[in-house]
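This report concerns only the one structure given below.
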Amino acid sequence: MSRALSILPKSEASLDGAFVGRWVLAGFRAAMTGPAFYVALSLMGVGSLARAAGFPVGAAMLSTLLVWAGPGQVLFFGAVVAKTAPPAIALGVSLSSIRLLPMCLSVLPMLREKRTRLSTLLAASHFIAVTVWAESLRRLPDLERSTRMPFFFGLATACVALTTLSTGLGYWLSGSLPKPLAAGMMMLSPIYFLATTARSARSGVDWLAMLAGALLAPVTQSFVGGGFDLPALALVGGGGAWLLGYIVRRRA
């Protein structure tokens with residue numbers, strides 16, 4: 001990534017408008033090399049769900065802008081079709097978003113500077129979902145801290161904008177799109193997430209954490225569930241891998 005952005009300045013005396021604009025554009029270009037298209041394709045099925053639930057196309061696209069989480073959107077529209085009580089829908093969507101908390105906690109410290117406002121961090125947290133999180137972990141460490149926030153917003157807004165358009169496209173294509181194809185598109189995002197995570201692995205501990213996650217995922221989903229399975233998996237699998245690596249380093 002650092003080589004791909006070698007044409008851009010690595011440091012600036014101040015964060016003027018031109019400097020911010022260049023790094024926002026760099027983030028936008030990085031998203032358009034693949035990540036934005038993958039997540040956009042994976043959420044086309046949300047548009048078809050919104051249409052089945054009787055919502056207009058505007059509501060389908062607005063759900064992507066406001067929720068920005070495929071599982072939460074699928075849960076919302078699926079629950080509406082099933083005529084679930086509104087309080088239960090709200091609770092279910094909220095619980096499904098708990099899985100994003102560890103992602104926010106891992107990305108926001110990389111974006112924060114001494115003068116970063118809380119409102120800016122809160123705005124950034126809205127954009128952190130699987131694809132943006134994975135790309136941020138892979139790309140941000142190679143950038144100077146002053147460039148990370150504008151780069152992040154360029155990357156994230158490109159993903160959200162293209163996905164919002166694809167949600168509307170999926171809404172109109174729902175009448176002709178085969179169900180197996182729609183289901184396959186929904187799988188693109190997690191597959192891309194897994195591939196990006198593997199690409200970002202830098203040590204044996206990283207691989208051990210992924211292996212622990214793969215082995216423990218069915219267990220946490222069966223015995224925890226309710227939107228808490230991913231935090232529990234991160235605590236047990238990821239925390240256990242980190243602890244084992246720490247013990248090995250101390251004894252080395």
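- When all heavy atoms are compared, the tightest approach of V57 to G168 is CG2-CA, 3.9 Å.
- No side-chain donor-acceptor contact under 3.5 Å links E113 and S146.
- F153 pairs in a side chain to side chain contact (heavy atoms under 4.5 Å, CB included) with only one of the listed residues (V20, T120, L111), which is T120.
- Counting heavy atoms from C-beta on, the side chains of I128 and F152 come closer than 4.5 Å.
- Taking CD from Q73 and CG from L62, the interatomic distance works out to 10.0 Å, rounded to the nearest 0.5 Å.
- In plain terms, the two heavy atoms of A60 and T167 that are nearest each other are O-CG2, 3.4 Å.
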Hey, mind stepping through L49 and F55 against side chain to side chain contact (heavy atoms under 4.5 Å, CB included) and telling me if it holds?
CA-CA 9 Å; L49 281 175; F55 284 87; over 6 Å; no

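- Shown here for L100 and A69, the closest heavy-atom pair between the two residues is CD1-CB, 4.4 Å.
- Linking ILVMFWY side-chain heavy atoms closer than 4.5 Å, directly or via other members, places V160 and V74 in a single hydrophobic cluster.
- At least one side-chain heavy atom of T64 sits under 4.5 Å from a side-chain heavy atom of W68.
- A heavy-atom distance below 4.5 Å is not found between the side chains of M210 and L215.
- Within the model, atoms CG of L122 and SG of C104 stand 10.0 Å from one another, a figure rounded to the nearest 0.5 Å.
- M110 has its side chain within reach of L137: a pair of non-hydrogen atoms, C-beta onward, lies under 4.5 Å apart.
- Side-chain contact between L108 and S125 is present, with heavy atoms from C-beta onward closer than 4.5 Å.
- Between S63 and F76, every side-chain heavy-atom pair lies at or beyond the 4.5 Å cut-off.
- Between S136 and L155 the shortest side-chain heavy-atom distance falls below 4.5 Å.
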Is there a side chain to side chain contact (heavy atoms under 4.5 Å, CB included) between R250 and I247 once you walk through the steps?
CA-CA 5 Å; R250 287 293 299 269; I247 294 174; 5.8 Å; no

Check the pair W133 / S106 against side chain to side chain contact (heavy atoms under 4.5 Å, CB included), numbers first and verdict last.
CA-CA 9 Å; W133 171 76; S106 61; 2.7 Å; yes

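- Atoms NE2 and CG, from H126 and L65 in turn, are 7.0 Å apart once rounded to the nearest 0.5 Å.
- A single hydrophobic cluster is not seen to contain both M103 and V67; linkage of ILVMFWY side chains at heavy-atom distances under 4.5 Å, directly or through other members, places them apart.
- Y171 is connected to L165 through a chain of hydrophobic side-chain contacts under 4.5 Å among Ile, Leu, Val, Met, Phe, Trp and Tyr, so both are in one cluster.
- Listed for the T147 side chain is a donor-acceptor partner under 3.5 Å among the backbone atoms of E144.
- The number of heavy atoms from other shown groups lying within 6.0 Å of CZ (F127) is above 12.
- With a 4.5 Å cut-off on side-chain heavy atoms, F77 and V46 count as touching.
- Heavy atoms only, all atoms of each residue included: P35 and C159 are closest at C-SG, 4.4 Å.
- Here L121 contributes atom CG and R112 contributes atom CZ; the two are 6.0 Å apart, rounded to the nearest 0.5 Å.
- No donor-acceptor distance shorter than 3.5 angstrom exists from the side chain of R51 to the backbone of P56, with no hydrogens or angles considered.
- Note that CZ of F28 is 7.0 Å distant from OG1 of T157, once rounded to the nearest 0.5 Å.
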Would you please test M32 and F37 for side chain to side chain contact (heavy atoms under 4.5 Å, CB included) and show each step?
CA-CA 7 Å; M32 298 304 288; F37 290 97; 3.6 Å; yes

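- Note that CE of M149 is 14.5 Å distant from CH2 of W23, once rounded to the nearest 0.5 Å.
- For A40 against S166, the heavy-atom pair with the smallest separation is O-OG, 2.7 Å.
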